[in-house]
Every structure is written in structure tokens, then in C-alpha cells.
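Every chain is numbered from 1 and lettered A, B, ... according to where its sequence line falls, protein lines coming before strand lines.
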Amino acid sequence: MNKNPGFYSVTEKSFYPRNSIEEDLNALIVGSLKKNFGLKQEIVEIEYPSDRKFGDYSCNISMKLTRILKRDPIEIANILVEDIRGSDYISRVEIKRPGFINIFLDNKYLIDQLRFIGEQYGKDTVAYKRKIITDISHPNAAKPLGVHHLLSTIIGNSINNILKYVGHEVIRDSYWGDWGTQFGKLIYAYKSFGDKDKIKDDPIPELLNIYVEFHNRAEEDPSLDDKARYEFKKLEDGDKENVELWGWIVKLSKDEFFKLYKRLGIVFDYYYGESFYLPLIDDLVIEGKKKNVFIEGEEGALVVEFKDIPTCPVVKSDGTSLYHTRDIARIKYWLKKESPDEMVYVVDAAQKLHFIQLFEISKMLGLSSCKYRHASFGRMRFKDKSMSTRKGNILLMEEVLNESVSKAEKIIEEKQSSVSDKQRLAEVIGIGAVKYSILSQNRTTDIVFDWDRMLAFDGNSSLYIQYTYTRVCSIIRKSEGVKGYKETVDILDIERDLIVSLIRMPRVVLRASKEYCPHIICNYIYEVCQLVNSYYNSCHVLNEKDLDTRGFRVSLLKSVITVIKIVMDLLQIELPEKM
RNA sequence: GCCCGCGUAGCUCAGGGGAUAGAGCAGAAGCCUUCUAAGCUUAAGGUCGCAGGUUCGAUUCCUGCCGCGGGUACCA
């Protein structure tokens, strides 16, 4: 059993992209294992060696089999290598102590692979397609989008893109928080000290103000929490005034969210908030009771008890619903409507217990036809611990984006860019930087917010990728009239390395899709760009005398552009052709 | 208390049981008469928290300890 439920195991089918080199190599070795040793193993690990001198691919199977076969790994490797050697696309196979099989691909074969790198490269590589419903971003209508929302929003959106690209059917449902006790607080605050005109003028900050004010007052007078719960109770019971107020607040928030989603390039297929599932809750409660899953708890609340994890309330003592209740209703709804294979929640790690409970309850209710996954990520914290919605000094998502764009503007000014639409370029660079800084890390630990890090424009950053892209675009623009090349063209080591990197892309993307980890793609494209920049510096393309070589170089760089485009699209980061 | 996660270079972080643990930033030394120097090259920087265990092989898996963070019934 894997530690992280998002991680695949080596026994899983569909381990390699369909029609990939890895799939071929795997079949070759698996066939040899069967022929020589009668083994039925279907997957062997084809690895990328730490150093290219150890081959383009390597396999460790002979060491893994030493105990099972009770033979020396070198001896096993020798037998396997006899079969591998015969393939025309492999130029050389080496055995290295303590038993690695290192495989080198033939140069002509590698050059030929460039043909396949087109707009669809690495697409639909998954062997078993699934229908997946995702929950990302989850903004809360009672509060503005803070910088911490960027994690689930940006990572989740990229996960949606990646899952789709490799061939899954993805239903992007924006399950957003438009219901819950926080509305009771907001409604109470509005009624007792809210200023309607102020809210109309500048809704989002003013709603936050009264929300914060409520918490300040509640600290002095804890009875306010009960009053807020009472307002929520009235709302859930359909009180006309409260429902109207709620609708108004939700509308204001929704407009705000959409504005930001548009700026980030994020779209959904459905926008069903929590309130959408309310009509299903009565039946759910009846069913839960009937199945003895929902049982009477303290003070008349309904709870679910488990063997090893804390008890979880599903209906409050005053009869109102909870986050869990609406979440279960949502699962019921979608299972009936779409029969998905999987439901994915891209939510921070602090909510782990919530999801363990939710998934467990779903199974107890018989909702087990689908696989549930909490793709968890770290929370964003601040050096100053008082940064929270309740305290009010929240850092808004929009502020961060604006700050990044204005930093980008300054850089564009410094570099004396000749681009005509500098504002547009600043937006592309600024937003890209924020996205990349979030996407490139894989921490389940909390992330401490840091401006320098969030707005990184050096080293492993989106700007580096974007700059590489524009440099290559520039060469391609000037390469008109450059002809093709003969397949016998001689290539340099660095060109060979570059091709080997490019053809790894399908597997990298597939792996990112299996682990729900976009950062794998960031690491990959950064490495590719490092190679490209190094190449750019050491070889000239357009001045190259040899026509074949020049043709090949242009063609190679076109493939580079294609790969950068595809993966940056998966990360939802725009690429400028000029900077 | 119990449960979960994390601890890798001065800082921020990659690292799929595999070969000499890698990047960026900061600091040091170089490279623009050639396709965008927003770049490239080189050197320096490590007890992979500590101690055991499993394994041909452990930064990676297991156990214990230490440190940090999160969660722990009517918040989401």
C-alpha cells in the first residue's frame, strides 16, 4: 500500500504511455523474462539514469530478480541483453555493476522521433480512460479570494488540464462555498451594524469588514455565535429576508470570483455551489438514519461514528446542515448523474480528516462505485501569524497578481523591451510568475508566504521558460527558406541530449496525471530549457554553413517550441513570442 | 493526550528502492563585432534531524526518539 494515495504502484497497468519507447522497451524485456525464465511479470521499471553516460534508459530488473531466481544479477542481465540487442532502434546495451542494464538508442532513430512531436504529442496516452469529477478552488462567498486560494485554484486547474490531456474525461465542477454558518454571521453583522450604501459601493472589502467586525465583537460576547447560528437556521428554513440577503451576497461574490478566474484563464463545466445540493439533504438524512449510519449524538445532533477516527456530526442540534452533509449530498448527486470512476478533491492538507470521514461515510451509505481521492497540498501561512480572514488583514489574491504584474512592468522597462503592447506582456509575465511559483513546488507541508518567492523572476521561474521560448521563436522567425535535412546528418551530443529530453515528455505528463502533481511538469520543462539555453549559447543555427545541419537545427528547435507550448498550456501559463 | 504530515547546502526547494544526492537564490571568478546577456560557463557550498531495522543496495520503506506544522463532533 502506498503512503500517498495519489501515487501509483509499479504493478499498476498503464504504467507507460501508449505507443511510447518505454512501452516498447518494457514489452521487449517482459518478453525476454517470459521466454528465458518463465516469469509472468507484466511491468519492469524503465528508468531515466541519473547520468546520461549510463544510457538513455536503464533497467534494474536483473537485480530485483536475484533473490527470486537465486542467480547472479550480471548473469541474468547477460541473458536479457541477448534479446534486447536485436532491436534496430537500440544502438548499444551495457551491463554495469551491480547489474544495471543500460540502453542507448540509435541516433537515426532519435532523429526520426522528431517527426512525431506535433501539437498532439503526449495526448491520450492513458490505457484506461476514466470519468473524473474534480473539486478545485472552493472559494467561499462570504469571504474574498485570498492569496491562499491560489494553491487549490492554480494547482487544481492544472490537474484538470493534465487529466484531460492524457485522455480522461474530466468534469470540472466548481463546488463553491455559498452556504454555511458563515452566512449566519454575515447576515447578523449586516443587520446589526452593516452599512448598506457602503457595501453597494465597494462590496467585497466592506463585506469583509463587517465579517471581521463580527469576529471582534464575538470575542467579547460569545453569545453572538449563537445569534449567527440562529440567522443561519432561519436562512436554511427559508426565511424570506435572509434568503434575499444571502442571494445578494452570493451574487456579489460570484461576480468577483469570475473576474479573477477569467484573469487566471480558469473555466468550469458546472458552477454548482453548496446550496445546490440542499434539496437533497432531507432524503439523505432519512436514508442515513434508516441505514443506521447517522445516529443520535449529543443534544439531538446526528453524527457518524467510526472505529478508528473521531466522530463526525452531520446534522447540528438545531437541525441545520454542515459541510459534510452537503458534501455527501453532492457525491450522491454526481454518482447518480454521471457514474464517475473517480472524484477528486484538490484541497489543503489541513482538511485531511474531513475527507477521510467523508469518504468513509460515503462507503457506509453504499456510495462505493467510485474512487475518492483527496489530492492534498500544503496550506499557505504567513510569517505574521495574524494574517487570516477573521482578523481582516488578509492578503487578497488580486493584490498579489497586481503586485507581480507591476514588478514585471519594471523589468520590461529596465530591459528596454521593444514589444509594442508592454501592458499585455507584463500581465503574461506577472501572472505566469505567480502561477509557476505555486505549481513548481510539491510540498504537503505548509508554505510560508514570501513576496520574493511568489514573484520570482530568476532561475527556476516562468520567466526563464518564457524567455527561452521567445529566443527560440526569434530564430524560427528568421529561418525562412531553411530547407530540411538528410537523416544521415551528424548531430552533437547536446542535440542528442535535447532529443532524448523531448521524447520523455509523454511519460512525464502521464506521471504528473497519475500523481496529480503539476510540479513534475515544471521540473521537466525547466530542465529542457536549461539544455536549450546552453545549446543556444554554444551553437549557432542561422550562421551554420552546412545546410543539413542548419536544417536539422531549425527542425529541432521547432520541436522544442512545440513541447514548451504543450506543457505550458497544461500549466495554464501563457507564452509571449517576443519580449 | 491521540491521529496525520514534514525535517535535504546559509536561504527557498527538487529527488520514482539504484550508480558520484541535484537546482535556484545569496556570495566568488569569467563570457556580448554572431540567432534577444531576462542568457551561458566555472569553482565553492551536505553527518539527507538522531538512532536502530529490512534489503544486493535506503535521502527514499519500517520502528523509536527529537523538532516544527496541522487536525481532533455541531466552522469550512
Can you tell which of G5(B), C56(B), G71(B) lies closest to the side chain of Ala350(A)?
G71(B)
Just to confirm, is there a sub-4.0 Å distance from OP1 or OP2 of A19(B) to any side-chain nitrogen or oxygen of Asn102(A)?
no
Could you say whether the aromatic ring of Phe100(A) and the base of A19(B) stack, counting only centre distances under 5.5 Å and plane angles under 30°?
yes
Hey, does Gln466(A) reach any base, or is it just sugar-phosphate, or nothing, if we go heavy atoms under 4.0 Å?
nothing
Can you confirm if the NZ or CZ of Arg381(A) lies within 45° of the ring axis of Phe449(A) and under 6.0 Å from the centre of its six-membered ring?
no
Which is more 5' along RNA chain B, the nucleotide nearest Leu463(A) or the one nearest Gly300(A)? Just name the residue.
Leu463(A)
Give me the distance, rounded to whole Å, that separates A9(B) from A44(B) when you measure between the C1' atoms they each carry.
11 Å
Between Arg97(A) and G18(B), does any side-chain N or O lie under 4.0 Å from OP1 or OP2?
no
Looking at C75(B), I'd like to know if its phosphate oxygens (OP1 or OP2) sit under 4.0 Å from a side-chain N or O belonging to Lys316(A).
yes
Do Ser20(A) and Arg504(A) pair up side chain to side chain, a donor and an acceptor below 3.5 Å, judged on atom types alone?
no
Classify the nucleic acid contact of Pro310(A) as base, sugar-phosphate or nothing, counting any heavy atom under 4.0 Å across all strands shown.
sugar-phosphate
Quick one: which of C74(B), U41(B), A19(B) gets closest to the side chain of Lys96(A)?
A19(B)
Roughly how far apart, to the nearest Å, are A76(B) and G18(B) at atom P?
44 Å
Using a 4.0 Å heavy-atom cut-off, does Asp178(A) contact any base of the nucleic acid, only the sugar-phosphate backbone, or nothing at all?
nothing
Select base, sugar-phosphate, or nothing to describe what Leu353(A) touches, counting heavy atoms under 4.0 Å on all strands.
sugar-phosphate
Counting the atoms with a prime plus P, OP1 and OP2 as sugar-phosphate, which does Ser440(A) contact under 4.0 Å by heavy atoms, base, sugar-phosphate, or nothing?
nothing
What I want to check is whether an N or O donor and acceptor connect the side chain of Asn533(A) with the base of G39(B) at under 3.5 Å.
no
Whether Arg326(A) engages the ring of Tyr277(A) as a cation-pi pair (distance to the six-membered ring centre under 6.0 angstrom, angle to the ring normal within 45°) should be assessed.
no
At 4.0 Å (heavy atoms only), tell me whether Tyr464(A) reaches a base, stays on the sugar-phosphate, or touches nothing.
sugar-phosphate
Heavy atoms only, 4.0 Å cut-off, all strands: where does Ser50(A) land among base, sugar-phosphate and nothing?
base
What does Leu542(A) touch in the nucleic acid at a heavy-atom separation under 4.0 angstrom: a base, only the sugar-phosphate, or nothing?
base
Would you kindly check if the NZ (Lys) or CZ (Arg) of Arg330(A) is within the cone defined by 45 degrees around the ring axis of Tyr175(A) and under 6.0 Å from the six-membered ring centre?
yes
Given RNA chain B, 5'-ward residue of the pair Ala408(A) and Val541(A), judged by closest heavy atom
Val541(A)
If only side-chain N and O atoms of Arg453(A) are considered, is one of them under 4.0 Å from the OP1 or OP2 phosphate oxygen of C11(B)?
no
If I pick the C1' atom on G67(B) and the same atom on C61(B), what distance separates them, to the nearest angstrom?
22 Å
Centroid distance under 5.5 Å and plane angle under 30°, Phe54(A) vs A19(B):
yes
With syn defined as a glycosidic angle within 90° of 0 and anti as everything else, classify C48(B).
anti
Option from Tyr516(A), Tyr345(A), Phe355(A) for which ring-ring contact (aromatic ring centres under 6.0 Å, His included) with His374(A) holds
Phe355(A)
Does a nitrogen or oxygen in the side chain of Lys478(A) sit under 4.0 Å from OP1 or OP2 of U36(B)?
yes
OP1 or OP2 of C40(B) versus the side-chain N and O atoms of Ser538(A): is any pair under 4.0 Å?
no
Taking any heavy-atom pair under 4.0 Å as a contact, classify Cys529(A): base, sugar-phosphate, or nothing.
nothing
For C13(B) versus U59(B), give the span between their C1' atoms, rounded off to a whole number of Å.
15 Å
Ser534(A) side-chain N/O to U41(B) phosphate OP1/OP2 under 4.0 Å
yes
